[in-house]
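This report refers to the structure that appears directly beneath it.
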Amino acid sequence: MSGLARQLVELAARLLPPRARTRYREEWLADLDGAPEAGVSRASVVTGAFALSATIDRLDPVHTGLALGALFRHRLRVAAGLLLAGLVLLAGWYVYGGYQSVPVSGTALAYLGTVVLVAALALATAGLLSLAGAVHIAAKSGRLVVALVLLLAPLVVGGLLLLALPLLMLGAAGGVLLVALGAIAAAGSSRPPLPRGRRMLLVAGFGVAAIATCVVGILHVAVWNPLARVPGLTLGEIYASLAAAGESVAIVPWSIVWAVLTLFGAVALLVVAALRRTAGVASTRRLVVLGLLLVAITTLLGFPPSFGMGMSLADTFMTSGGDAAPTGPLLALVGQFAFAASMLVGFVRPAIIREEPVAVPS
């Protein structure tokens with residue numbers, strides 16, 4: 001029983017705010033050791049530990065190490081990251097029709113739609129809970145107007161999105177840019193920067209991933225998807241039919257532009273990591289955000305050639321212009337998860353807690 005009691009007390013201590021964990025953990029473990037001599041059951045010590053963990057004031061700066069204003073900004077930033085990540089996944093799930101059209105069956109890929117939807121809803125739920133925490137802090141500190149605005153913001157934004165759904169594509173590029181810049185700005189770090197060699201190795205991994213994504217994307221648009229969309233014909237016969245029908249397929253120019261932009265992004269990121277003068281600004285967290293955004297933007301660059309080829313195939317062979325090869329939706333998923341991850345890494349970062357000792361009341 002003593003071993004189980006210690007584990008339960010450890011769990012109760014982990015549930016406490018950061019500044020209260022060490023003090024109460026030591027007290028509760030001491031109470032467990034002295035419980036037989038004091039005539040107190042260990043079960044009562046465990047019960048008391050969980051009761052305190054459930055009722056302690058989690059907004060008290062003494063326990064959190066953060067002033068209410070700093071805690072409010074932290075909860076709001078976390079809510080933004082979680083909600084944006086969930087929105088990215090939910091938007092991709094909607095655009096691809098729940099991934100029910102992915103031409104793969106009998107494997108785990110057949111459950112893509114469910115996995116993406118569950119992940120999106122989980123992130124959105126966590127974001128709303130963090131937003132509720134920010135509302136509670138604002139109300140407790142007397143900022144009732146701020147609390148009311150935060151409470152109504154999701155409802156207002158959701159309503160506007162539904163009303164303006166046909167216009168969303170027009171502002172998508174600007175929205176992506178603003179959100180990406182926000183994630184880069186939010187991804188500050190108080191930790192010392194990594195050595196230059198490790199920084200370059202870190203971003204080189206993202207560069208290789210982006211280049212690989214570009215190569216797979218070009219092969220998907222130019223080779224795999226046409227063969228899957230028009231089975232029974234060779235690739236040469238498909239392109240000959242497109243030319244005979246007068247369909248202009250600018251695969252080579254688009255592929256060159258796609259590859260050049262991807263290489264430029266990878267090299268630029270490597271230069272940023274290598275320069276000593278950028279070490280203070282380009283923190284490790286910011287480099288990770290930039291690397292994830294590079295992979296996400298690489299997948300977005302494939303939309304124009306993919307759309308053009310899809311329409312040409314549809315007009316020539318009287319078929320659908322959507323993806324017939326599974327690599328299309330899978331590349332889209334890579335981009336969506338990379339973009340969602342950049343939101344989480346950029347916005348959902350630990351709060352900077354004061355290191356000076358704070359007296360904890362008995």
Side-chain angles (χ1 to χ4, degrees), residues 12 14-21 50-91 93-94 117-165 168 171 175-176 178-190 285 289 339-354 358 360-361:
R14 292 193 194 101
L15 298 176
L16 291 171
R19 273 292 175 72
R21 288 172 191 162
F50 277 100
L52 178 61
S53 179
T55 58
I56 194 170
D57 186 358
R58 298 179 178 275
L59 303 182
D60 191 339
V62 171
H63 296 146
T64 64
L66 293 171
L68 280 180
L71 185 60
F72 169 77
R73 291 189 294 273
H74 171 68
R75 294 278 178 87
L76 200 58
R77 187 178 64 248
V78 170
L82 292 169
L83 288 172
L84 287 170
L87 181 61
V88 167
L89 296 183
L90 193 59
W93 178 86
Y94 175 80
L117 181 60
V118 169
L121 293 178
L123 288 169
T125 301
L128 290 174
L129 290 175
S130 184
L131 183 62
V135 171
H136 177 57
I137 295 171
K140 183 174 181 179
S141 59
R143 302 173 182 174
L144 296 179
V145 175
V146 175
L148 184 61
V149 170
L150 291 175
L151 193 60
L152 295 178
L155 299 177
V156 174
V157 172
L160 291 176
L161 288 177
L162 290 176
L163 292 174
L165 194 58
L168 284 181
V176 168
L178 289 176
V179 170
L181 291 175
I184 295 170
S189 177
S190 60
R285 187 176 292 270
V289 171
F339 194 73
S342 71
M343 298 299 101
L344 295 177
V345 175
F347 287 99
V348 187
R349 58 183 175 85
I352 301 175
I353 299 175
R354 297 191 306 267
V358 178
V360 179

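Given the structure is predicted, the values throughout are model-derived calculations rather than measurements.
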[X] side chain to [Y] backbone, donor-acceptor under 3.5 Å:
X    : Y    : value
S342 : F339 : yes
S130 : V78  : no
R285 : G346 : no

Sequence neighbours excluded, the answer for side chain to side chain contact (heavy atoms under 4.5 Å, CB included) partners of A120 is L89, L90
What closest approach, in Å, do [X] and [Y] show between heavy atoms, and which atom pair accounts for it?
X    : Y   : answer
R14  : R21 : O-NE, 3.5 Å
P17  : I56 : CD-CG2, 3.8 Å
L16  : S53 : CD2-CA, 3.6 Å
A340 : A85 : O-CB, 3.6 Å
F347 : A80 : CD2-CB, 4.3 Å

Please name the residue in the list L131, L129, V348, T125 that meets the side-chain contact (heavy atoms from CB on, under 4.5 Å) test with L82.
V348
Please report the interatomic distance CE(M343) to CG(L83), rounded to the nearest 0.5 Å.
12.5 Å
Test side chain to side chain contact (heavy atoms under 4.5 Å, CB included) on L123 and L344; report intermediate values, then the result.
CA-CA 10 Å; L123 288 169; L344 295 177; 4.2 Å; yes
